[in-house]
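In listed order, ligands and their atoms are each counted from 1. Residues: numbered from 1 along the sequence shown.
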Amino acid sequence: MINFSQLAEKYQTPLYIYDFNKISQQYESLKLAFKARKAILAYAVKSNSNLSVVKHLAKLGAGADCVSIGEVRRALMAGIPRYKIIFSGVGKQDHEIKEALESDILFINLESEAELGRVEMIAEDLNIKARISVRVNPNIDPKTHPYISTGLHGNKFGVDLNMAKRMYLKAKNSEHLDPVGIHFHIGSQLTELEPIREAAVIVADLVRTLQAVDIELKFFDIGGGIGVKYDDEVTIDPNEYAQAILGTLTGLDMTIMCEPGRFLTANAGYFLTRVMYEKQNDEKRFVIVDGGMNDLLRPALYSAYHKIEAIDNDGEISPADIVGPVCESGDFFAKDTQLPSFNHNDLIVVHSAGAYGFGMGSNYNTRGRSAEVAIEDGNDRLIRRRETFEDLVALEEEFLK
Ligand code: LLP
């Protein structure tokens with residue numbers, strides 16, 4: 001049991017809290033599901049890029065799936081071995097490609113033919129052979145929120161099957177490219193297994209086609225996307241997930257790469273905020289808290305549901321919106337939800353906030369971002385200090401005329 005009141009006293013609010021033991025449990029359950037094969041769980045750093053979180057996963061043996069050179073640097077700083085780091089993303093800049101190649105990470109995921117050309121040129125300049133993989137867009141509807149669906153041709157991600165073949169042939173014939181992997185990721189917060197299995201079948205078939213022309217890939221990268229329970233979703237069982245994937249790989253001797261983000265971090269995280277005021281506008285009741293959309297954007301951006309818990313409160317229940325102090329009507333954590341009456345400084349916990357919470361935060365309204373705290377084996381420790389006003393103006397101050 002996490003003592004939220006004590007943590008609020010010690011670290012102030014708003015506050016992110018991550019249960020590292022829970023992250024370990026999630027990691028181990030997925031790792032176990034894939035035990036029948038060589039498998040690397042490459043943590044999707046974007047889901048929560050705090051260095052201590054990444055280090056915790058490094059200690060468990062995780063690799064890292066990175067989408068910017070900044071994330072690659074974080075992964076290396078946190079102790080993820082370079083040979084377990086991959087670099088994906090539709091728009092990598094030349095300097096990022098160069099640094100990734102110089103860092104000798106496991107491979108770069110290519111998302112277009114044009115990008116293949118850039119990587120080849122940069123590898124030639126460095127006089128090396130770049131290990132690459134191609135992100136295939138299998139044109140499968142993952143049945144998730146449109147903003148986090150990525151596996152349809154209408155999405156900007158990856159390339160179609162024909163283009164993928166062309167790129168592999170080009171890579172094979174290049175002195176500076178070494179095709180080692182194949183990648184797909186059809187979306188995030190997936191709760192249905194069938195679309196993932198269908199995508200794996202398509203991509204595994206492509207692997208076999210490529211074998212026929214002497215292109216032997218070593219890594220079968222199935223992306224991330226396993227959904228979690230925010231509410232009462234029925235989620236994918238890790239064992240069934242692994243079985244579905246492995247079932248498509250008969251006869252292929254490949255290492256599985258999996259890129260879980262949310263599955264590892266979402267339900268290990270809590271966002272703790274204090275009630276400042278209550279107000280009634282006509283019939284409508286608002287609870288105004290000290291955390292805002294700049295801290296946790298998911299409700300505003302995706303109308304995402306996060307379970308709300310009032311701490312130590314047995315006040316009378318009635319419906320209310322929980323809103324933050326930011327000057328936007330979209331600044332809310334819950335709408336028309338049943339809540340007890342509050343007093344000034346009462347605590348509210350927003351659940352499942354460990355993934356895409358802090359990382360999507362901003363300084364909008366000149367609000368410093370929250371502190372972050374880890375809990376491990378019953379002990380708490382600060383893993384990021386609260387931002388101050390001085391932090392916020394530091395990059396502008398010297399230019400004041
Ligand atoms: N691999 C690739 C190539 C990805 O694009 C993503 C997520 C992942 C792995 C990790 O997916 P996960 O296991 O966490 O579902 N901000 C949104 C989620 C965006 C996901 C983007 N890509 C949200 O708050 O729901």
Side-chain angles (χ1 to χ4, degrees), residues 23 26-27 29-30 40-49 53-54 57 62-68 71-72 75 85-92 107-111 133-138 142-152 155-159 181-192 195-196 199 203 219-231 233 235-236 238 241 245 256-269 271 293 295-306 333 350-362:
I23 296 178
Q26 291 295 95
Y27 178 87
S29 72
L30 197 55
I40 298 176
L41 301 189
Y43 170 55
V45 173
K46 68 169 90 66
S47 82
N48 185 325
S49 53
V53 171
V54 185
L57 282 152
D65 165 44
C66 303
V67 291
S68 69
E71 286 191 357
V72 173
I85 297 178
I86 55 182
F87 184 20
S88 313
V90 283
K92 303 177 199 78
F107 58 79
I108 296 185
N109 250 325
L110 302 179
E111 300 229 16
S133 130
V134 174
R135 176 164 179 180
V136 178
N137 182 326
K143 306 199 174 74
T144 183
H145 191 289
Y147 281 19
I148 50 178
S149 154
T150 52
L152 280 165
N155 299 123
K156 68 178 174 180
F157 297 98
V159 298
I182 193 157
H183 175 238
F184 68 94
H185 169 86
I186 59 172
S188 194
Q189 182 55 14
L190 307 178
T191 51
E192 289 187 33
I196 306 178
V203 178
F219 298 97
F220 192 78
D221 183 344
I222 59 177
I226 317 167
V228 302
K229 262 190 210 296
Y230 285 96
D231 191 5
E233 296 92 337
T235 52
I236 296 172
Y241 174 69
I245 301 282
I256 302 278
M257 299 284 298
C258 180
E259 305 169 354
R262 190 188 320 261
F263 178 81
L264 300 177
T265 51
N267 281 323
F271 181 64
M293 66 188 281
D295 297 297
L296 177 61
L297 186 62
R298 300 191 75 255
L301 191 59
Y302 314 113
S303 302
Y305 170 85
H306 284 262
F333 293 126
V350 182
H351 284 253
S352 313
Y356 307 107
F358 185 92
M360 289 175 75
S362 75

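At a heavy-atom distance under 4.0 Å, no atom of Leu190 approaches ligand 1. Counting heavy atoms under 4.0 Å from ligand 1, residue Tyr302 touches it through the side chain alone.
Ligand 1 has a nitrogen or oxygen under 3.5 angstrom from a nitrogen or oxygen of Arg298. Polar contact check, Met360 against ligand 1: no nitrogen or oxygen pair lies under 3.5 Å apart. For ligand 1, the polar-atom distance check finds no N/O of His183 at less than 3.5 Å from any of the ligand's N/O atoms. Distances between N or O atoms of Gly261 and those of ligand 1 include at least one value under 3.5 Å.
For ligand 1, the atoms lying closer than 4.0 Å to a non-hydrogen atom of Asp65 are 1 (N), 2 (C), 9 (C). For ligand 1 and Gly224, the ligand atoms under 4.0 Å from any heavy atom of the residue are 1 (N), 9 (C), 13 (O). Atom numbering of ligand 1 starts at 1 in the shown order; those under 4.0 Å from a heavy atom of Arg135 are 3 (C).
Within the 4.0 Å heavy-atom cutoff, Gly225 counts among the residues contacting ligand 1. Proximity of Phe157 to ligand 1 is not established, as no heavy-atom distance is less than 4.0 Å. Residue Pro260 places a heavy atom less than 4.0 Å from ligand 1.
Between the side chain of Lys92 and the backbone N or O of Asn109 there is at least one donor-acceptor pair closer than 3.5 Å. In this structure, the side chain of Asn267 engages the main chain of Lys229 through a donor-acceptor pair within 3.5 Å. Judged purely by atom type and a 3.5 angstrom limit, Tyr356 has no side-chain atom pairing as donor or acceptor with the backbone of Ala266. Judged by distance alone, with hydrogens and angles left aside, the side-chain atoms of His183 form no donor-acceptor pair with the main-chain N or O of Asp221 at under 3.5 Å. A donor-acceptor pair under 3.5 Å links the side-chain atoms of Asn137 to the main chain of Phe157, judged by distance alone.
The option from Ser47, Ala42, Ala44, Gly187 that lies nearest to atom 10 (C) of ligand 1, judged by heavy atoms, is Ala44. Distances from atom 6 (C) of ligand 1 to the heavy atoms of Lys46, Glu259, Arg262 show the closest one on Lys46.
Residues passing the ring-ring contact (aromatic ring centres under 6.0 Å, His included) test with Phe107, sequence neighbours excluded: Phe219. Not counting sequence neighbours, the partners of Glu111 by the salt bridge (Lys or Arg N to Asp or Glu O under 4.0 Å) test are Arg135.
Of the candidates Arg262, His306, His351, Arg262 is the only one forming a side-chain hydrogen bond (donor to acceptor under 3.5 Å, both in side chains) with Tyr230.
Across all their heavy atoms, Thr235 and Val228 have their closest contact at CG2-C, 3.4 Å.
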